[in-house]
Amino acid sequence: MADALGALAGFTVPTNSASCTLAMIVEEMRSGIRHCTLWLIMPLLVAPLGHTLESATLSSQREYRLRFYHTHTNERLDIVYRRSENYLPDALAELDHYLRDHRTGEVRHFDPHLFDLLYDLTASVNDSGGEIDVICGYRTPSSNEFLRSRSVHAGVARHSLHIQAEAIDIRLLGIPTSAVRDAALRLQRGGVGYYRDSNFVHVDVGRVRRW
């Protein structure tokens, strides 16, 4: 009897040992079953824990959100482009398309630091999450030259950073453009142009300068 139970439990029962009783055999079998059960349920216990830790990590990351209205295409965009120190490639691609040259449809990859500048600029005027009116994003060289040729007083530079996708012309609803200009100047993060008659501000991530 003891030999048969021992074989089922996966070990050999010493036939010459008087201390190897049926009770000991049964107890060892129970112990083996408990260990097997633990190994079976362990993955079920660990998997939810992994999802919980992943969710906690994502929720603890700071989100950088921008909201836009494009004055030429009438398109709106509400997008998280960065979490903590990580830029989101799909979001950047969507922003590149959104800020395309509206005359030609051509797209160029924007310097993501420009979006950080916009994020900090809106925060500095207490307008975090407010909608940014886009007057101009990317410009192809041909579009840039077209605007330059319209008037010598247009204020369009021959080597505009719009061509490099490092500049944007904006206004913020309900905030005077002069206040937006002053806030951008305080940030000292690139060029700032103030166009009072056209009611917009140019900001870029080039060298610090003003006009």
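Predicted model only: the values in this text are computed from it and were never measured.
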Exercise for review: Using salt bridge (charged side-chain N to carboxylate O under 4.0 Å, His left out) as the criterion, list what pairs up with R108, not counting sequence neighbours.
Suggested key: none

Check your understanding: Within a reach of under 6.0 Å around CZ of R210, are more than 12 heavy atoms found that belong to other residues, nucleotides or ligands?
Key -> no

Check your understanding: Would you say R148's side chain and V156's backbone share a donor-acceptor pair under 3.5 angstrom?
Key -> yes

Review point. If you measure from CD1 on I132 to OG1 on T71, what distance do you get to the nearest 0.5 Å?
Key: 13.0 Å

**Study point:** Option passing side-chain contact (heavy atoms from CB on, under 4.5 Å) with H202 (candidates D169, V192, I170)
**Key:** D169

Study note, to complete from the structure: To the nearest 0.5 Å, atom NE2 of H109 lies from atom CG of L95 at 10.0 Å

Check your understanding: Can a salt bridge be assigned to the pair D116 and R189 using a cut-off of 4.0 Å between side-chain N and carboxylate O?
Key -> no

Point to revise | Rounded distance [0.5 Å steps], CG in L88 versus CD in E94 | key: 11.0 Å

Exercise for review: Output the distance between atom NE2 (H162) and atom CG (D101), rounded to the nearest 0.5 Å.
Suggested key: 11.0 Å

**Study point:** ring-ring contact (aromatic ring centres under 6.0 Å, His included) partners of residues 116-140, not counting sequence neighbours, each pair once
**Key:** Y64-Y119

Check your understanding: Do I163 and F146 share a hydrophobic cluster (ILVMFWY, side-chain heavy atoms under 4.5 Å, transitive)?
Key -> no

Check your understanding: Near D90 CG, under 6.0 Å, is it more than 12 heavy atoms from other residues, nucleotides or ligands?
Key -> no

Point to revise | Side-chain ion pair, D120 and R186, N-O less than 4.0 Å | key: no

Review point. Hey, would you say the Y98 and H70 ring centroids sit under 6.0 Å apart?
Key: yes

Exercise for review: Taking D96 for its side chain and F110 for its backbone only, find out whether a donor-acceptor pair lies under 3.5 Å.
Suggested key: yes

Check your understanding: Going only through I, L, V, M, F, W and Y residues with side-chain contacts under 4.5 Å, is there a path from Y195 to V203?
Key -> no

**Study point:** H72, NE2 atom: more than 12 neighbouring heavy atoms under 6.0 Å
**Key:** yes

Review point. N74 versus Y69: any side-chain heavy-atom pair under 4.5 Å?
Key: yes

Review point. If two hydrophobic side chains count as joined below 4.5 Å and joins carry through other members, does V208 share a cluster with V205?
Key: no

Practice item. Verify the neighbour count for atom CZ of R103: are there more than 12 heavy atoms of other residues, nucleotides or ligands below 6.0 Å? Key: yes

**Study point:** Hphob cluster co-occupancy, V125 + V134, side-chain heavy atoms under 4.5 angstrom
**Key:** yes

Check your understanding: Take atom CZ in R158; do more than 12 heavy atoms of anything else shown fall under 6.0 Å from it?
Key -> no

Check your understanding: Atom CD in E166, atom CG in D204: separation rounded to 0.5 Å?
Key -> 8.0 Å

Review point. From R83 CZ over to R65 CZ, what is the distance, rounded to the nearest 0.5 angstrom?
Key: 9.0 Å

Exercise for review: Compare all side-chain heavy atoms of E131 with those of L173 and state whether any distance is below 4.5 angstrom.
Suggested key: no

